[in-house]
Amino acid sequence: MITATTTRVATASRHMAGFWFVAIAFLTLMAFGTVPTPLWSIYQTRDHFGATTVTVAFAVMVVGAAASFRLLGHLSDRFGRRRIIVPALLVGILSAVVLAVWPDLPGLIVGRVLTGIAVGLMASTATAYLTDLYSEARPAETGSAKPGLVATAVNLGGLALGPLVAGALAQWGPAPLHTSYIVFGALMAVLLGLVLSSPETVDTEAADESRPVRFALRPGQGAVFGAAAAVGFFAFAVMGLFSSLGAIIVRGELGITSYFVSGLAPFTAFAASAVAQLALGRVTLAKVLPIGTVLFPIGLALTAVSLYQPTLWLALTAAGLAGAGAGLLFKSAVTQAVIAADPASRAGVLATFFVIAYIGTGAPSIAFSLVIQHIALKPAMFGFATVLSVGTFAAVAIALRGGSTQRGGAAQRGGLVGGSAGGGHQ
């Protein structure tokens, strides 16, 4: 005879299994987003791309991601988490097919736009889904920081693993412009079946009766939100630079031809971002923000210095410090945006925040690639580092003057996902 206890145990087990299925799917799709990073130099050599073309091909993903965040990011609150995660994986699989079978520039651009749509759908929903599933599986631990920590690890960990895996496959596997896409497409197809078996956590009938809340901030928090969005923009600008041009700089300036080594710089930046956020996850924002503000310009300055002293260890150290600083700044910015938001409009505020942050991923890198057509790479990098550092200092000063870190720091310890695009879509 089936008892109530047996039923509860079975339900909890199903939700916990779904939790890990969704986490792995999140990691895989985010990794897929950075797969082309060590491959840009191959495209560049084969098709004689300039740095600007490579950067634009990278940055068009931002178009898809921004559209997903702005137009579709809130839909899981009404239609269900699984109904958004499943299309994210389907679009990701379609993107992998396009990139694998159409390796020319038009196919690359179409595939990257599709990748952006998939990443936007996944990132805007997965954290909320993980939180829901964990609460259902462990009701006694509702409010636990574990789902947020897992989301941080798989989000940034995925971004870090993408270039590493793609670099290894390009170096030692066949058909470097096809293999990585085929492998990740197959993984996403398997995970699609697993996610489909996961339970839904949203009461769609009840949610359908309510209407989306428009963008709204708490009184007097406009400047704080603007500063938080600016910090997010500058933090993502660094990640965009390493993702679009990092492998080409390593190959061109250091003379290293290994595709695996070319993927180490972006891997180091993203991995350091994840490690820094996890290590300081329970430290108040009033302390995290200054740490990030110090590490960020040091890492950028060393990145510029590494062009004059082209050694791998210095380039990786610079990438690690810049990534750690950017990660801590972004963690702080996400939390500040949530604090500034009217509670009923949190999803709309976060959607706007991430659109601005993702624009930071592409626009500065495109500008940088245009500048180096007229100015030597080394002084251009120093100028880039100076502009980003000054802009970040100004944004942080405004945020601190707004006092949001002092009011919200203790309440936000470990509770938000710095670097997870879905951190506040709950």
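Taking each heavy atom of A166 and L39 in turn, the nearest pair found is O-CD2, 4.4 Å. Residues S332 and V288 come closest through the heavy atom pair OG-CG1, 3.6 Å. Across all their heavy atoms, F384 and A237 have their closest contact at CZ-O, 4.4 Å. Closest approach of A170 to I42, counting heavy atoms only: CB-CD1, 4.5 Å. Among all heavy-atom pairs drawn from V238 and A322, the shortest one is CG1-CB, 4.1 Å. Annotation for P103 and Y43: closest pair O-CE2, 3.5 Å, computed over non-hydrogen atoms.
Between the S389 side chain and the T386 main chain, no donor and acceptor come within less than 3.5 Å of each other. No side-chain donor-acceptor contact under 3.5 Å links R82 to the backbone of V195. Side-chain atoms of T303 come within 3.5 Å of backbone N or O of G299 as a donor-acceptor pair. Under the 3.5 Å distance criterion, the side-chain polar atoms of S365 are matched with a main-chain donor or acceptor of L241. With T45 contributing its side chain and S41 its backbone, the two residues share a donor-acceptor pair below 3.5 Å.
Interatomic distance, CZ of F296 versus OG1 of T392, reported as 4.0 Å (0.5 Å rounding). L177 CG to L169 CG: the interatomic distance, rounded to the nearest 0.5 Å, is 12.0 Å. The CG atom of L90 sits 12.0 Å away from the CG atom of L114 when rounded to the nearest 0.5 Å. Of the inter-residue distances, the one linking T28 atom OG1 with L192 atom CG reads 12.0 Å to the nearest 0.5 angstrom. Atom CG of L99 is separated from atom CG of L94 by 9.5 Å, given to the nearest 0.5 angstrom. If you take CD1 on I182 and CG on L187, they are separated by 12.0 Å, rounding to the nearest 0.5 Å.
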Exercise. Step by step, would you call F330 with F353 a ring pair (Phe, Tyr, Trp, His ring centres under 6.0 Å)?
Worked result: CA-CA 11 Å; F330 193 73; F353 171 86; 5.7 Å; yes
Problem set entry | Step-by-step side chain to side chain contact (heavy atoms under 4.5 Å, CB included) determination, V261 to L264 | CA-CA 5 Å; V261 175; L264 284 180; 4.3 Å; yes
For this session: Apply the test side chain to side chain contact (heavy atoms under 4.5 Å, CB included) to residues L377 and F368: give CA-CA distance (whole Å), side-chain angles for both, the deciding distance (0.1 Å), then the verdict.
Result: CA-CA 9 Å; L377 176 63; F368 182 76; 3.7 Å; yes
Exercise. Would L108 and V60 satisfy side chain to side chain contact (heavy atoms under 4.5 Å, CB included), going step by step from the backbone distance to the final call?
Worked result: CA-CA 10 Å; L108 188 58; V60 291; over 6 Å; no
Problem set entry | Steps toward side chain to side chain contact (heavy atoms under 4.5 Å, CB included) verdict (F19, L130) | CA-CA 6 Å; F19 175 87; L130 289 173; 3.8 Å; yes
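Counting only heavy atoms from C-beta outward, the side chains of V119 and S68 never approach each other to under 4.5 Å. Within the 4.5 Å cutoff, side-chain heavy atoms of F233 are placed close to those of P364. The shortest distance between side-chain heavy atoms of M122 and L89 falls below 4.5 Å. Under the 4.5 Å side-chain criterion, counting only non-hydrogen atoms from C-beta, Y129 is in contact with S198. Put simply, the side chain of V154 does not reach to within 4.5 Å of the side chain of I24, judged on heavy atoms. Side-chain contact check for W20 versus V150: some heavy-atom pair is nearer than 4.5 Å. Counting only heavy atoms from C-beta outward, the side chains of M188 and V91 never approach each other to under 4.5 Å. Considering only heavy atoms from C-beta on, V224 stays 4.5 Å or farther from I339 through its side chain.
Relative ring orientation between F32 and F184 is described as tilted, the plane-to-plane angle lying within the 30° to 60° band.
The side-chain contact (heavy atoms from CB on, under 4.5 Å) test with F382 singles out one residue from V305, L300, L307, V387, and that residue is V305. Residue R81 is tested with T131, D132, T125 for a side chain to side chain donor-acceptor pair (under 3.5 Å); the sole match is D132.
By the neighbour-count criterion of 12 heavy atoms within 6.0 Å, atom CD of Q309 is sparsely surrounded, having that number or fewer from other residues, nucleotides or ligands.
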